[in-house]
There are 2 protein chains.
Amino acid sequence: MDTRPKRQRAADHRVADRRVAERESALAPDQTERLKLGALDGHLGYFLRRLQVSVFKDFIRTLAPMDVRPAQYSVLLLIEANPGRSQAVIGQALDIERARLARLLHGLEGRGWIERRAADGDGRSHSLHLTRAGEKALMRIKALTARHEAWLAEVLGSKRRLLLMDLLKEFG
Amino acid sequence: MDTRPKRQRAADHRVADRRVAERESALAPDQTERLKLGALDGHLGYFLRRLQVSVFKDFIRTLAPMDVRPAQYSVLLLIEANPGRSQAVIGQALDIERARLARLLHGLEGRGWIERRAADGDGRSHSLHLTRAGEKALMRIKALTARHEAWLAEVLGSKRRLLLMDLLKEFG
DNA sequence: TATTGTTATACTCTATAACTATA
DNA sequence: TATAGTTATAGAGTATAACAATA
């Protein structure tokens, strides 16, 4: 088995690909060639989206044992940090439509992780709380998200991760 | 009607909200209060997602006159920069599932913006090209995306926009 | 009248599987 | 047998509209 660092082996690969490409270029077009980005290269949204998608993919993969998705996780954390608030308030803070939040909360309620109590002053609104089971689940969930952030720090470098975070936080 | 820039009116709004909040704080809990982020504050993905969503929202709003969405735009640019390539190659570069790309391309073909020609060596694959109408449409589309990027530079500051872009580009 | 939560619908995007025609 | 493209289906997320209960 090849025990050299992954970077080294990947470099070999690229060289081998190029050799094959050059050898075959008279016969078939090289389908492994990097495409030109063209005008896409000037769009922040494109690169922002690429990183966001790969971060969410790792999140979902890492959290699979608890079957928790990013939106569910963010709602659990916000209820934990702000117990007793209404759906309207939670939804506004996370920019989740109230219709969507209603169904999402039904899911969390069905799993026994949250409960809705009648709000004190207002018969229309529910006050949201974690159950004991929800608190326990959230502890296990947080253990997994810590692994996710560790992966991110490894991929981005922890300095760049923090720099990115600071830049992005300025637009809450 | 208030014809001042939206930012100006939004600022008025925040000030008014705070005044109301302070006046009523003795009677009712302040529902406009910023919620605590809790553990969400340590997650890069959360802030990444927030900016990405607002950038895409502005893109879709700005491009509404041409009815073009981000994925369609990225495909048009990639075909422009790499005419004659196959769907498989374009899809891989943009990380779009071939099933999804097939339908997306049908839409662009139906609008007369792209065409698929039989590929030279391989009867299975199509070679993708912009039509003249597609080139003309793309010119108008680019004029709109320039407005979108100008908005971004205004919101983020053009220095921060470039800094962010450089940071994100390192992970293509 | 306005707001809170709910259900329902439609559309986009993602993820699969199955199919065809070519290779 | 593998690959390119297609169709179909299911789920998540977004955006609306309409409704009941309450303010």
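Throughout, protein chains are lettered first and strands after them, A, B, ... in sequence-line order, and every chain is numbered starting at 1.
Side chain of A:R100, nearest nucleotide from D:dT14, C:dT6, C:dT14: D:dT14. For B:A99, the side-chain atoms get nearest to C:dT16 when compared with the rest of D:dT22, C:dT16, C:dT6. Here the nucleotide nearest the side chain of B:Q87, chosen from C:dA23, C:dT6, D:dT6, is D:dT6. Comparing atom distances between the A:R124 side chain and each of D:dT22, C:dA15, C:dG5 picks out D:dT22 as nearest. Of the candidates C:dG5, D:dG5, C:dT14, C:dG5 carries the atom nearest the A:H126 side chain, counting heavy atoms from C-beta on.
For the 3.5 Å distance criterion, the side chains of A:T145 and A:Y73 qualify, holding a donor opposite an acceptor. There is a side-chain donor-acceptor pair under 3.5 Å between B:H129 and B:S127.
Toward the 5′ end of DNA chain C lies the nearest nucleotide of A:R103, the other residue of the pair A:R103 and B:G121 mapping further downstream. Nearer to the 5' terminus of DNA chain C, by closest-nucleotide assignment, is the contact made by A:A102 (compared with the other of A:K57 and A:A102).
Ring planes of B:W151 and B:H148: parallel class, angle under 30° (limits at 30 and 60°).
Annotation: salt bridge (charged side-chain N to carboxylate O under 4.0 Å, His left out) contacts involving residues 89-108 of chain A, sequence neighbours excluded, comprise A:D95-B:K57.
Only at 4.0 angstrom or more do the heavy atoms of residues 104-116 of chain A sit from any atom of DNA chain D, so none qualifies.
For C:dA15, the OP1/OP2 oxygens have no side-chain nitrogen or oxygen of B:R98 closer than 4.0 Å.
A side-chain hydrogen bond (donor to acceptor under 3.5 Å, both in side chains) with A:Y46 holds for exactly one of A:R49, A:R50, A:H43; it is A:R50.
Whole-Å rounding puts the A:L94 CG to D:dT14 C1' distance at 15 Å.
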